[in-house]
Number of protein chains: 2
Amino acid sequence: MKSIAVVEDEKMVAKELSSMLEKEGYDVHCIDDFSEVTETVLELRPDLLLLDINLPGKSGFQICREIKNKSSIPVVVVTSRDQLPDELHALELGADEFLTKPYRKERLLARVANVLRRYEGRSNMLEGPGFLLDRGTYTLYVDGSSVLLPKNQGKILEALMTELGNVVTKETICEAVWGTSEFIDENALQVNLTRLKKTLAALPMKVQIASERGVGYKLLPSDTSEKAPEGEV
Amino acid sequence: MKSIAVVEDEKMVAKELSSMLEKEGYDVHCIDDFSEVTETVLELRPDLLLLDINLPGKSGFQICREIKNKSSIPVVVVTSRDQLPDELHALELGADEFLTKPYRKERLLARVANVLRRYEGRSNMLEGPGFLLDRGTYTLYVDGSSVLLPKNQGKILEALMTELGNVVTKETICEAVWGTSEFIDENALQVNLTRLKKTLAALPMKVQIASERGVGYKLLPSDTSEKAPEGEV
DNA sequence: TAAATCCTTACATCCAATGTAAGTGGTGTT
DNA sequence: AACACCACTTACATTGGATGTAAGGATTTA
(Lines give C-alpha, C1' and ligand atoms only; values in the text may rest on other atoms or scores of the structure.)
Protein backbone atom coordinates (compact mmCIF):
# COMPACT_ATOMS: atom_id res chain seq x y z
CA MET A 1 0.00 0.00 0.00
CA LYS A 2 1.36 3.39 -1.00
CA SER A 3 1.66 6.00 1.71
CA ILE A 4 1.04 9.70 1.28
CA ALA A 5 1.92 12.53 3.64
CA VAL A 6 -0.38 15.55 3.54
CA VAL A 7 0.72 19.02 4.62
CA GLU A 8 -2.23 21.38 4.61
CA ASP A 9 -3.15 24.04 7.15
CA GLU A 10 -6.89 24.32 6.53
CA LYS A 11 -8.17 21.47 8.62
CA MET A 12 -11.33 21.02 6.60
CA VAL A 13 -9.41 20.62 3.39
CA ALA A 14 -6.91 18.32 5.02
CA LYS A 15 -9.67 16.08 6.26
CA GLU A 16 -11.34 16.00 2.89
CA LEU A 17 -8.11 15.18 1.12
CA SER A 18 -7.32 12.53 3.63
CA SER A 19 -10.62 10.68 3.27
CA MET A 20 -10.50 10.99 -0.50
CA LEU A 21 -7.07 9.44 -0.67
CA GLU A 22 -7.86 6.78 1.88
CA LYS A 23 -10.93 5.78 -0.08
CA GLU A 24 -8.57 5.27 -3.01
CA GLY A 25 -6.49 2.86 -0.99
CA TYR A 26 -3.64 5.06 0.15
CA ASP A 27 -2.17 5.14 3.61
CA VAL A 28 -2.53 8.81 4.52
CA HIS A 29 -0.71 10.73 7.22
CA CYS A 30 -1.59 14.35 7.87
CA ILE A 31 1.14 16.52 9.29
CA ASP A 32 -0.16 19.40 11.41
CA ASP A 33 2.93 20.56 13.20
CA PHE A 34 4.24 22.98 10.64
CA SER A 35 7.41 23.85 12.50
CA GLU A 36 9.24 20.66 11.59
CA VAL A 37 7.60 19.48 8.43
CA THR A 38 10.84 18.51 6.72
CA GLU A 39 12.08 16.42 9.61
CA THR A 40 8.73 14.70 10.02
CA VAL A 41 8.50 13.87 6.34
CA LEU A 42 12.04 12.52 6.21
CA GLU A 43 11.21 10.34 9.17
CA LEU A 44 7.91 9.11 7.77
CA ARG A 45 9.46 8.39 4.36
CA PRO A 46 6.10 8.44 2.57
CA ASP A 47 5.85 7.38 -1.06
CA LEU A 48 4.58 10.85 -1.91
CA LEU A 49 4.17 14.27 -0.33
CA LEU A 50 1.12 16.43 -0.96
CA LEU A 51 2.20 19.91 -0.02
CA ASP A 52 0.26 23.14 0.35
CA ILE A 53 2.38 26.15 -0.48
CA ASN A 54 0.57 28.66 1.72
CA LEU A 55 1.44 27.66 5.23
CA PRO A 56 1.71 29.62 8.44
CA GLY A 57 5.39 30.10 9.17
CA LYS A 58 7.89 28.49 6.87
CA SER A 59 7.11 28.70 3.17
CA GLY A 60 6.05 25.60 1.31
CA PHE A 61 8.67 26.41 -1.28
CA GLN A 62 11.36 26.12 1.34
CA ILE A 63 9.99 22.78 2.47
CA CYS A 64 9.85 21.54 -1.09
CA ARG A 65 13.44 22.52 -1.65
CA GLU A 66 14.59 20.79 1.54
CA ILE A 67 12.72 17.59 0.80
CA LYS A 68 14.09 17.49 -2.70
CA ASN A 69 17.62 18.10 -1.51
CA LYS A 70 17.53 15.44 1.15
CA SER A 71 15.44 12.71 -0.41
CA SER A 72 13.92 11.41 -3.59
CA ILE A 73 10.36 11.61 -2.32
CA PRO A 74 8.03 12.91 -5.04
CA VAL A 75 6.28 16.17 -4.19
CA VAL A 76 2.89 17.32 -5.46
CA VAL A 77 2.30 21.00 -4.72
CA VAL A 78 -1.19 22.40 -4.26
CA THR A 79 -2.17 26.02 -3.83
CA SER A 80 -5.23 28.23 -3.73
CA ARG A 81 -3.57 31.02 -5.67
CA ASP A 82 -3.61 30.21 -9.35
CA GLN A 83 -0.54 32.17 -10.12
CA LEU A 84 1.87 31.23 -12.80
CA PRO A 85 4.98 32.46 -10.95
CA ASP A 86 4.18 30.09 -8.08
CA GLU A 87 3.92 27.22 -10.49
CA LEU A 88 7.16 28.03 -12.24
CA HIS A 89 8.94 28.44 -8.94
CA ALA A 90 7.67 25.14 -7.62
CA LEU A 91 8.65 23.26 -10.74
CA GLU A 92 12.07 24.85 -10.64
CA LEU A 93 12.56 23.62 -7.10
CA GLY A 94 11.92 20.11 -8.30
CA ALA A 95 8.22 19.69 -7.56
CA ASP A 96 6.78 16.85 -9.60
CA GLU A 97 3.31 18.23 -10.04
CA PHE A 98 1.46 21.48 -9.42
CA LEU A 99 -2.29 21.76 -8.88
CA THR A 100 -4.50 24.71 -8.04
CA LYS A 101 -7.50 24.60 -5.76
CA PRO A 102 -10.32 24.01 -6.10
CA TYR A 103 -9.24 20.80 -7.68
CA ARG A 104 -11.49 18.18 -9.07
CA LYS A 105 -11.19 15.00 -7.11
CA GLU A 106 -10.50 12.92 -10.20
CA ARG A 107 -7.79 15.24 -11.45
CA LEU A 108 -5.98 15.15 -8.14
CA LEU A 109 -6.17 11.38 -7.92
CA ALA A 110 -5.06 10.93 -11.52
CA ARG A 111 -2.08 13.22 -11.06
CA VAL A 112 -1.09 11.53 -7.82
CA ALA A 113 -1.34 8.11 -9.42
CA ASN A 114 0.66 9.37 -12.38
CA VAL A 115 3.46 10.66 -10.20
CA LEU A 116 3.52 7.45 -8.16
CA ARG A 117 3.71 5.39 -11.32
CA ARG A 118 6.69 7.40 -12.48
CA TYR A 119 8.51 6.67 -9.26
CA GLU A 120 7.70 3.00 -9.32
CA GLY A 121 10.79 0.86 -9.14
CA ARG A 122 12.82 3.81 -8.05
CA SER A 123 12.10 2.63 -4.54
CA ASN A 124 15.45 0.95 -4.17
CA MET A 125 17.34 3.89 -5.56
CA LEU A 126 19.28 5.94 -3.07
CA GLU A 127 19.57 9.58 -4.05
CA GLY A 128 22.60 11.71 -3.39
CA PRO A 129 23.51 15.18 -4.60
CA GLY A 130 23.69 14.76 -8.36
CA PHE A 131 23.67 10.99 -8.49
CA LEU A 132 21.61 7.87 -7.87
CA LEU A 133 22.66 4.52 -6.46
CA ASP A 134 20.77 1.33 -7.16
CA ARG A 135 20.93 -0.63 -3.92
CA GLY A 136 20.24 -3.90 -5.67
CA THR A 137 23.12 -3.97 -8.10
CA TYR A 138 25.23 -1.01 -6.97
CA THR A 139 24.81 0.69 -10.29
CA LEU A 140 25.75 4.32 -9.95
CA TYR A 141 24.03 6.90 -12.16
CA VAL A 142 25.92 10.16 -12.58
CA ASP A 143 25.50 12.86 -15.10
CA GLY A 144 23.51 10.76 -17.55
CA SER A 145 25.80 7.76 -17.55
CA SER A 146 25.97 4.65 -15.45
CA VAL A 147 28.81 2.80 -13.79
CA LEU A 148 28.81 -0.50 -11.98
CA LEU A 149 30.47 -0.39 -8.58
CA PRO A 150 32.15 -3.46 -7.14
CA LYS A 151 29.96 -4.87 -4.38
CA ASN A 152 32.11 -3.75 -1.50
CA GLN A 153 32.48 -0.24 -2.78
CA GLY A 154 28.75 -0.14 -3.37
CA LYS A 155 27.98 -1.25 0.15
CA ILE A 156 30.29 1.33 1.62
CA LEU A 157 28.80 4.11 -0.47
CA GLU A 158 25.34 2.93 0.50
CA ALA A 159 26.25 3.04 4.17
CA LEU A 160 27.65 6.54 3.83
CA MET A 161 24.64 7.78 1.90
CA THR A 162 22.17 6.77 4.56
CA GLU A 163 23.84 9.35 6.78
CA LEU A 164 24.58 11.96 4.17
CA GLY A 165 26.95 14.52 5.63
CA ASN A 166 27.24 12.78 8.98
CA VAL A 167 29.99 10.54 10.21
CA VAL A 168 29.48 6.79 9.98
CA THR A 169 31.61 4.73 12.32
CA LYS A 170 33.96 2.12 10.99
CA GLU A 171 32.09 -0.54 12.93
CA THR A 172 28.84 0.39 11.21
CA ILE A 173 30.46 0.26 7.80
CA CYS A 174 32.05 -3.10 8.54
CA GLU A 175 28.69 -4.46 9.53
CA ALA A 176 27.16 -3.11 6.33
CA VAL A 177 29.86 -4.70 4.21
CA TRP A 178 30.58 -8.01 5.91
CA GLY A 179 27.34 -8.49 7.78
CA THR A 180 28.92 -8.70 11.17
CA SER A 181 31.21 -6.67 13.30
CA GLU A 182 33.20 -9.54 14.73
CA PHE A 183 36.71 -8.50 14.35
CA ILE A 184 37.64 -7.87 10.78
CA ASP A 185 40.96 -6.35 9.87
CA GLU A 186 40.19 -2.67 9.70
CA ASN A 187 42.76 -2.53 7.01
CA ALA A 188 40.43 -4.37 4.67
CA LEU A 189 37.92 -1.59 5.14
CA GLN A 190 40.66 0.94 4.64
CA VAL A 191 41.70 -0.56 1.33
CA ASN A 192 38.15 -0.75 0.07
CA LEU A 193 37.62 2.85 1.05
CA THR A 194 40.66 3.91 -0.89
CA ARG A 195 39.34 2.04 -3.89
CA LEU A 196 35.95 3.69 -3.58
CA LYS A 197 37.60 7.09 -3.36
CA LYS A 198 39.54 6.41 -6.53
CA THR A 199 36.41 5.22 -8.30
CA LEU A 200 34.46 8.31 -7.29
CA ALA A 201 37.29 10.64 -8.19
CA ALA A 202 37.23 9.32 -11.74
CA LEU A 203 33.57 10.29 -12.06
CA PRO A 204 31.93 13.72 -12.24
CA MET A 205 30.73 13.40 -8.68
CA LYS A 206 29.92 16.33 -6.48
CA VAL A 207 30.72 14.45 -3.30
CA GLN A 208 33.84 13.29 -1.61
CA ILE A 209 34.72 10.98 1.24
CA ALA A 210 36.21 12.60 4.32
CA SER A 211 37.65 10.74 7.26
CA GLU A 212 37.10 11.57 10.90
CA ARG A 213 40.17 10.49 12.74
CA GLY A 214 39.46 7.70 15.19
CA VAL A 215 35.78 7.50 14.35
CA GLY A 216 34.82 6.81 10.78
CA TYR A 217 33.95 8.42 7.48
CA LYS A 218 31.40 10.72 5.92
CA LEU A 219 30.21 11.93 2.57
CA LEU A 220 30.67 15.61 1.82
CA PRO A 221 30.14 18.04 -1.05
CA SER A 222 33.48 17.90 -2.80
CA ASP A 223 34.33 21.59 -3.14
CA THR A 224 33.84 22.36 0.51
CA SER A 225 36.99 21.91 2.49
CA GLU A 226 36.26 20.46 5.90
CA LYS A 227 37.72 23.20 8.04
CA ALA A 228 37.20 26.37 6.09
CA PRO A 229 33.77 27.90 6.62
CA GLU A 230 34.55 30.43 3.92
CA GLY A 231 31.35 30.85 2.03
CA GLU A 232 32.40 29.58 -1.35
CA VAL A 233 30.64 26.84 -3.29
CA MET B 1 20.62 19.93 -27.77
CA LYS B 2 17.27 18.36 -26.92
CA SER B 3 14.95 17.64 -29.80
CA ILE B 4 11.17 17.96 -29.71
CA ALA B 5 8.63 16.66 -32.21
CA VAL B 6 5.44 18.70 -32.56
CA VAL B 7 2.18 17.21 -33.80
CA GLU B 8 -0.43 19.96 -34.25
CA ASP B 9 -2.89 20.43 -37.07
CA GLU B 10 -3.51 24.17 -36.80
CA LYS B 11 -0.57 25.51 -38.76
CA MET B 12 -0.58 28.86 -37.01
CA VAL B 13 -0.32 27.25 -33.61
CA ALA B 14 2.30 24.81 -34.83
CA LYS B 15 4.43 27.65 -36.11
CA GLU B 16 4.07 29.59 -32.91
CA LEU B 17 4.99 26.58 -30.80
CA SER B 18 7.91 25.84 -33.01
CA SER B 19 9.44 29.29 -32.81
CA MET B 20 8.81 29.47 -29.08
CA LEU B 21 10.62 26.19 -28.48
CA GLU B 22 13.43 27.01 -30.86
CA LYS B 23 14.00 30.29 -29.11
CA GLU B 24 14.44 28.25 -25.96
CA GLY B 25 17.17 26.21 -27.58
CA TYR B 26 15.32 23.09 -28.63
CA ASP B 27 15.66 21.37 -31.96
CA VAL B 28 12.06 21.33 -33.17
CA HIS B 29 10.53 19.13 -35.86
CA CYS B 30 6.91 19.67 -36.87
CA ILE B 31 5.09 16.64 -38.20
CA ASP B 32 2.32 17.53 -40.66
CA ASP B 33 1.55 14.21 -42.25
CA PHE B 34 -0.98 12.88 -39.78
CA SER B 35 -1.42 9.52 -41.43
CA GLU B 36 1.80 8.05 -40.13
CA VAL B 37 2.59 10.03 -37.03
CA THR B 38 3.65 7.05 -34.96
CA GLU B 39 6.09 5.75 -37.54
CA THR B 40 7.56 9.21 -38.11
CA VAL B 41 8.05 9.80 -34.41
CA LEU B 42 9.67 6.41 -33.87
CA GLU B 43 12.04 7.19 -36.70
CA LEU B 44 12.86 10.69 -35.50
CA ARG B 45 13.40 9.49 -31.94
CA PRO B 46 12.93 12.96 -30.43
CA ASP B 47 13.66 13.59 -26.78
CA LEU B 48 10.03 14.61 -26.32
CA LEU B 49 6.74 14.60 -28.20
CA LEU B 50 4.30 17.51 -28.03
CA LEU B 51 1.00 16.05 -29.15
CA ASP B 52 -2.33 17.68 -29.95
CA ILE B 53 -5.22 15.39 -29.17
CA ASN B 54 -7.65 16.80 -31.72
CA LEU B 55 -6.29 15.71 -35.04
CA PRO B 56 -7.93 15.03 -38.35
CA GLY B 57 -8.08 11.28 -38.83
CA LYS B 58 -6.48 9.13 -36.17
CA SER B 59 -7.08 10.17 -32.58
CA GLY B 60 -4.24 11.64 -30.58
CA PHE B 61 -5.07 9.17 -27.84
CA GLN B 62 -4.35 6.32 -30.18
CA ILE B 63 -1.02 7.87 -31.15
CA CYS B 64 -0.11 8.41 -27.53
CA ARG B 65 -0.85 4.80 -26.75
CA GLU B 66 1.23 3.54 -29.66
CA ILE B 67 4.20 5.73 -28.85
CA LYS B 68 4.11 4.67 -25.23
CA ASN B 69 3.89 1.01 -26.15
CA LYS B 70 6.75 1.12 -28.58
CA SER B 71 9.17 3.54 -26.99
CA SER B 72 10.05 5.42 -23.88
CA ILE B 73 9.70 8.84 -25.46
CA PRO B 74 7.99 11.26 -23.07
CA VAL B 75 4.69 12.65 -24.34
CA VAL B 76 3.15 16.03 -23.48
CA VAL B 77 -0.47 16.23 -24.55
CA VAL B 78 -2.10 19.56 -25.44
CA THR B 79 -5.73 20.19 -26.24
CA SER B 80 -8.16 23.03 -26.79
CA ARG B 81 -10.96 21.31 -24.96
CA ASP B 82 -10.48 21.72 -21.24
CA GLN B 83 -12.27 18.57 -20.36
CA LEU B 84 -11.39 16.46 -17.40
CA PRO B 85 -12.19 13.12 -19.07
CA ASP B 86 -9.65 13.88 -21.79
CA GLU B 87 -7.04 14.59 -19.20
CA LEU B 88 -7.75 11.44 -17.23
CA HIS B 89 -7.73 9.37 -20.38
CA ALA B 90 -4.40 10.80 -21.55
CA LEU B 91 -2.75 10.24 -18.19
CA GLU B 92 -4.04 6.71 -18.12
CA LEU B 93 -2.48 6.03 -21.49
CA GLY B 94 0.86 7.06 -20.08
CA ALA B 95 1.06 10.70 -21.11
CA ASP B 96 3.59 12.52 -18.99
CA GLU B 97 1.89 15.89 -18.96
CA PHE B 98 -1.41 17.40 -20.01
CA LEU B 99 -1.94 21.06 -20.89
CA THR B 100 -4.98 22.95 -22.15
CA LYS B 101 -4.90 25.75 -24.70
CA PRO B 102 -4.57 28.61 -24.55
CA TYR B 103 -1.42 27.94 -22.64
CA ARG B 104 0.88 30.51 -21.23
CA LYS B 105 4.24 30.34 -22.88
CA GLU B 106 6.06 30.10 -19.59
CA ARG B 107 3.88 27.32 -18.30
CA LEU B 108 4.39 25.24 -21.41
CA LEU B 109 8.14 25.74 -21.35
CA ALA B 110 8.35 24.98 -17.66
CA ARG B 111 6.37 21.77 -18.01
CA VAL B 112 8.40 20.67 -21.01
CA ALA B 113 11.64 21.33 -19.17
CA ASN B 114 10.28 19.48 -16.16
CA VAL B 115 9.42 16.41 -18.18
CA LEU B 116 12.78 16.47 -19.95
CA ARG B 117 14.55 16.73 -16.63
CA ARG B 118 12.71 13.69 -15.36
CA TYR B 119 13.85 11.67 -18.33
CA GLU B 120 17.42 12.81 -18.05
CA GLY B 121 19.83 9.95 -17.77
CA ARG B 122 17.18 7.55 -18.90
CA SER B 123 18.61 8.08 -22.37
CA ASN B 124 20.65 4.93 -22.25
CA MET B 125 17.81 2.84 -20.96
CA LEU B 126 16.26 0.44 -23.43
CA GLU B 127 12.61 -0.18 -22.77
CA GLY B 128 10.90 -3.51 -23.31
CA PRO B 129 7.45 -4.73 -22.33
CA GLY B 130 7.49 -4.52 -18.56
CA PHE B 131 11.19 -4.03 -18.09
CA LEU B 132 14.11 -1.66 -18.61
CA LEU B 133 17.69 -2.42 -19.57
CA ASP B 134 20.56 -0.10 -18.78
CA ARG B 135 22.84 -0.34 -21.79
CA GLY B 136 25.81 0.91 -19.83
CA THR B 137 25.95 -1.71 -17.11
CA TYR B 138 23.37 -4.24 -18.29
CA THR B 139 21.32 -3.74 -15.19
CA LEU B 140 17.87 -5.13 -15.78
CA TYR B 141 14.89 -3.55 -14.00
CA VAL B 142 11.85 -5.77 -13.71
CA ASP B 143 8.88 -5.45 -11.49
CA GLY B 144 10.45 -2.99 -9.09
CA SER B 145 13.67 -4.90 -8.57
CA SER B 146 16.98 -4.88 -10.34
CA VAL B 147 19.30 -7.63 -11.52
CA LEU B 148 22.74 -7.39 -13.00
CA LEU B 149 23.18 -9.35 -16.20
CA PRO B 150 26.57 -10.76 -17.17
CA LYS B 151 28.01 -8.66 -19.99
CA ASN B 152 27.44 -11.19 -22.75
CA GLN B 153 23.88 -11.88 -21.76
CA GLY B 154 23.29 -8.16 -21.56
CA LYS B 155 24.68 -7.58 -25.02
CA ILE B 156 22.55 -10.32 -26.49
CA LEU B 157 19.41 -9.00 -24.84
CA GLU B 158 20.28 -5.52 -26.04
CA ALA B 159 20.67 -6.78 -29.60
CA LEU B 160 17.33 -8.56 -29.44
CA MET B 161 15.57 -5.56 -27.95
CA THR B 162 16.56 -3.23 -30.75
CA GLU B 163 14.43 -5.43 -33.04
CA LEU B 164 11.64 -6.22 -30.61
CA GLY B 165 9.55 -9.03 -32.06
CA ASN B 166 11.66 -9.41 -35.18
CA VAL B 167 14.32 -11.96 -35.89
CA VAL B 168 17.95 -10.97 -35.36
CA THR B 169 20.49 -13.03 -37.27
CA LYS B 170 23.19 -14.90 -35.44
CA GLU B 171 25.80 -12.88 -37.30
CA THR B 172 24.32 -9.64 -36.04
CA ILE B 173 24.27 -10.91 -32.49
CA CYS B 174 27.87 -12.14 -32.74
CA GLU B 175 28.91 -8.73 -33.94
CA ALA B 176 27.06 -7.09 -31.06
CA VAL B 177 28.72 -9.37 -28.53
CA TRP B 178 32.26 -9.82 -29.83
CA GLY B 179 32.57 -6.72 -31.99
CA THR B 180 33.33 -8.58 -35.15
CA SER B 181 31.77 -11.29 -37.22
CA GLU B 182 34.96 -13.03 -38.17
CA PHE B 183 34.26 -16.62 -37.55
CA ILE B 184 33.46 -17.29 -33.95
CA ASP B 185 32.26 -20.65 -32.82
CA GLU B 186 28.52 -20.34 -33.05
CA ASN B 187 28.40 -22.65 -30.13
CA ALA B 188 29.70 -19.89 -27.91
CA LEU B 189 26.70 -17.81 -28.90
CA GLN B 190 24.47 -20.79 -28.33
CA VAL B 191 25.73 -21.32 -24.83
CA ASN B 192 25.36 -17.68 -23.94
CA LEU B 193 21.84 -17.70 -25.29
CA THR B 194 20.95 -20.66 -23.15
CA ARG B 195 22.33 -18.84 -20.16
CA LEU B 196 20.32 -15.73 -20.98
CA LYS B 197 17.18 -17.81 -21.35
CA LYS B 198 17.74 -19.34 -17.96
CA THR B 199 18.37 -15.94 -16.41
CA LEU B 200 15.19 -14.48 -17.89
CA ALA B 201 13.11 -17.49 -16.94
CA ALA B 202 14.04 -16.94 -13.31
CA LEU B 203 12.62 -13.41 -13.45
CA PRO B 204 9.03 -12.20 -13.74
CA MET B 205 9.58 -11.30 -17.38
CA LYS B 206 6.81 -11.07 -19.92
CA VAL B 207 9.10 -11.92 -22.82
CA GLN B 208 10.76 -15.02 -24.07
CA ILE B 209 13.46 -15.87 -26.57
CA ALA B 210 12.38 -17.86 -29.62
CA SER B 211 14.70 -19.31 -32.19
CA GLU B 212 14.21 -19.24 -35.93
CA ARG B 213 15.86 -22.29 -37.36
CA GLY B 214 18.80 -21.47 -39.55
CA VAL B 215 18.46 -17.71 -39.08
CA GLY B 216 18.64 -16.35 -35.58
CA TYR B 217 16.59 -15.37 -32.57
CA LYS B 218 13.85 -13.00 -31.52
CA LEU B 219 12.16 -11.65 -28.43
CA LEU B 220 8.48 -12.47 -28.03
CA PRO B 221 5.72 -11.93 -25.47
CA SER B 222 5.88 -15.08 -23.42
CA ASP B 223 2.22 -16.10 -23.54
CA THR B 224 2.05 -16.14 -27.30
CA SER B 225 2.69 -19.53 -28.80
CA GLU B 226 5.08 -19.37 -31.69
CA LYS B 227 2.70 -20.85 -34.25
CA ALA B 228 1.49 -18.05 -36.44
CA PRO B 229 -1.52 -18.29 -38.73
CA GLU B 230 -0.75 -21.05 -41.24
CA GLY B 231 -0.56 -18.65 -44.13
CA GLU B 232 3.13 -17.82 -43.86
CA VAL B 233 6.61 -19.36 -43.72
C1' DT C 1 59.94 13.59 18.30
C1' DA C 2 57.14 9.59 19.25
C1' DA C 3 52.85 7.21 18.89
C1' DA C 4 48.75 6.53 16.86
C1' DT C 5 46.10 6.53 12.92
C1' DC C 6 45.41 6.79 8.15
C1' DC C 7 46.83 5.84 3.44
C1' DT C 8 49.18 3.54 -0.52
C1' DT C 9 51.00 -0.16 -3.06
C1' DA C 10 51.94 -4.76 -4.43
C1' DC C 11 50.83 -9.27 -4.52
C1' DA C 12 48.13 -13.73 -3.71
C1' DT C 13 43.66 -15.67 -3.72
C1' DC C 14 39.13 -16.44 -5.06
C1' DC C 15 35.00 -16.59 -7.71
C1' DA C 16 31.90 -15.39 -11.30
C1' DA C 17 31.84 -15.13 -16.20
C1' DT C 18 33.29 -17.00 -20.27
C1' DG C 19 35.00 -20.28 -23.75
C1' DT C 20 35.63 -25.00 -25.14
C1' DA C 21 34.33 -29.46 -26.02
C1' DA C 22 31.68 -33.39 -26.36
C1' DG C 23 27.40 -35.43 -26.46
C1' DT C 24 22.09 -35.40 -26.73
C1' DG C 25 17.83 -34.30 -28.86
C1' DG C 26 14.92 -32.50 -32.29
C1' DT C 27 13.72 -31.33 -37.29
C1' DG C 28 13.50 -31.63 -42.03
C1' DT C 29 14.84 -34.01 -46.39
C1' DT C 30 15.49 -37.70 -49.44
C1' DA D 1 13.61 -45.09 -42.24
C1' DA D 2 17.95 -43.08 -42.48
C1' DC D 3 20.59 -39.32 -42.71
C1' DA D 4 22.31 -34.68 -42.21
C1' DC D 5 21.82 -30.56 -39.97
C1' DC D 6 20.98 -27.58 -36.43
C1' DA D 7 19.64 -26.51 -31.71
C1' DC D 8 20.31 -27.48 -27.05
C1' DT D 9 22.54 -29.20 -22.70
C1' DT D 10 26.14 -30.22 -19.60
C1' DA D 11 30.67 -30.36 -17.69
C1' DC D 12 34.99 -28.61 -17.24
C1' DA D 13 39.16 -25.41 -17.89
C1' DT D 14 40.46 -20.72 -18.23
C1' DT D 15 40.38 -15.99 -17.39
C1' DG D 16 40.00 -11.58 -15.24
C1' DG D 17 38.10 -8.57 -11.95
C1' DA D 18 37.23 -8.15 -7.11
C1' DT D 19 38.83 -8.99 -2.68
C1' DG D 20 41.95 -9.91 1.26
C1' DT D 21 46.58 -9.63 3.11
C1' DA D 22 50.75 -7.64 4.27
C1' DA D 23 54.22 -4.31 4.63
C1' DG D 24 55.80 0.21 4.58
C1' DG D 25 55.08 5.27 3.91
C1' DA D 26 52.52 9.56 5.15
C1' DT D 27 49.93 12.39 8.39
C1' DT D 28 48.08 13.88 12.39
C1' DT D 29 48.18 14.47 17.47
C1' DA D 30 50.21 15.01 21.77
Side-chain angles (χ1 to χ4, degrees), chain A residues 136-140 147-160 167-171 173-202 208-218 220 225-228, chain B residues 136-140 147-160 167-171 173-174 176-202 208-218 220 226-227 230 232-233:
Chain A
T137 62
Y138 303 115
T139 303
L140 185 60
V147 184
L148 190 66
L149 296 183
K151 277 192 242 317
N152 281 354
Q153 295 182 37
K155 286 179 184 171
I156 295 175
L157 182 57
E158 181 184 3
L160 293 178
V167 179
V168 182
T169 65
K170 284 180 283 191
E171 290 72 35
I173 301 180
C174 279
E175 218 164 301
V177 176
W178 291 283
T180 168
S181 59
E182 30 169 303
F183 188 66
I184 292 173
D185 190 357
E186 278 197 1
N187 191 22
L189 174 61
Q190 179 51 57
V191 171
N192 280 288
L193 253 155
T194 299
R195 286 169 180 156
L196 176 57
K197 281 187 189 176
K198 192 177 296 179
T199 303
L200 297 186
Q208 197 176 35
I209 293 174
S211 57
E212 192 95 338
R213 196 181 175 84
V215 189
Y217 299 85
K218 60 182 166 180
L220 286 177
S225 106
E226 170 63 337
K227 303 193 164 178
Chain B
T137 61
Y138 303 114
T139 304
L140 185 59
V147 183
L148 190 65
L149 296 182
K151 274 192 244 318
N152 281 354
Q153 295 182 37
K155 286 179 185 172
I156 295 175
L157 182 58
E158 180 184 4
L160 294 177
V167 179
V168 182
T169 65
K170 283 181 283 193
E171 289 73 34
I173 301 180
C174 278
V177 175
W178 291 282
T180 169
S181 59
E182 32 168 301
F183 189 66
I184 293 172
D185 190 357
E186 278 197 359
N187 191 21
L189 175 60
Q190 179 52 57
V191 171
N192 280 288
L193 252 154
T194 299
R195 286 170 180 156
L196 176 57
K197 281 186 189 178
K198 192 177 296 179
T199 304
L200 297 187
Q208 197 174 37
I209 293 174
S211 58
E212 192 97 339
R213 196 180 174 84
V215 190
Y217 299 85
K218 60 181 166 181
L220 287 177
E226 168 60 342
K227 311 215 168 179
E230 311 280 314
E232 51 193 317
V233 161

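Throughout, a chain's letter reflects where its sequence line sits, starting with A, and its residues are numbered from 1. As a basis for the values below, the full set of heavy atoms in this structure was taken, side chains included, without hydrogen atoms, waters or symmetry mates.
Minimum interatomic distance between Leu157(A) and Leu196(A) (heavy atoms only, all atoms of both residues): N-CD2, 3.9 Å. Between Tyr217(B) and Ile209(B) the shortest heavy-atom distance is CD2-CG2, 4.1 Å. Scanning both residues, Thr199(A) and Gln153(A), for their nearest heavy atoms gives OG1-OE1, 2.6 Å.
Shown here is Lys151(A), whose NZ atom has no more than 12 heavy atoms of other residues, nucleotides or ligands within 6.0 Å.
To the nearest angstrom, P of dA3(C) lies 14 Å from CZ of Arg213(A). One atom, CG of Leu148(A), and another, P of dA16(C), lie 15 Å apart when rounded to the nearest Å. Between the CD atom of Gln190(B) and the P atom of dG26(C) there is a distance of 15 Å, given to the nearest Å. The interatomic distance linking Asn187(B) (CG) with dG19(C) (P) rounds to 11 Å, in whole Å. Taking atom CG of residue Leu193(B) and atom C1' of nucleotide dT18(C), one finds them 14 Å apart after rounding to whole Å. In this structure, Ile156(A) places its CD1 atom 12 Å from P of dC7(C), rounding to the nearest Å. The nearest whole Å value for the distance from the CH2 atom in Trp178(A) to the C1' atom in dC14(C) is 16 Å. One interatomic measurement links the two molecules: CG of Asn152(B) to P of dA16(C), which rounds to 17 Å at whole-angstrom precision.
Contact check for Leu140(B) versus Thr137(A): no side-chain heavy atoms found under the 4.5 Å cut-off.
Distances shorter than 4.0 Å separate none of the side-chain N or O atoms of Lys198(A) from OP1 or OP2 on dT8(C). For dT5(C), the OP1/OP2 oxygens have no side-chain nitrogen or oxygen of Tyr217(A) closer than 4.0 Å. Proximity of Ser211(B) to the phosphate of dC8(D): a side-chain N or O atom is located under 4.0 Å from OP1 or OP2. One finds a side-chain N or O of Lys170(A) lying less than 4.0 angstrom from the OP1 or OP2 phosphate oxygen of dC6(C). Under 4.0 angstrom from either OP1 or OP2 of dT8(C) there lies at least one side-chain N or O belonging to Thr194(A).
The side chain of Val191(A) sits closest to dA22(D) out of dA22(D), dG19(C), dA18(D).
Nucleotides of DNA chain D nearest to Arg195(A) and Lys197(B) differ in position, and the one nearer the 5' end is that of Lys197(B).
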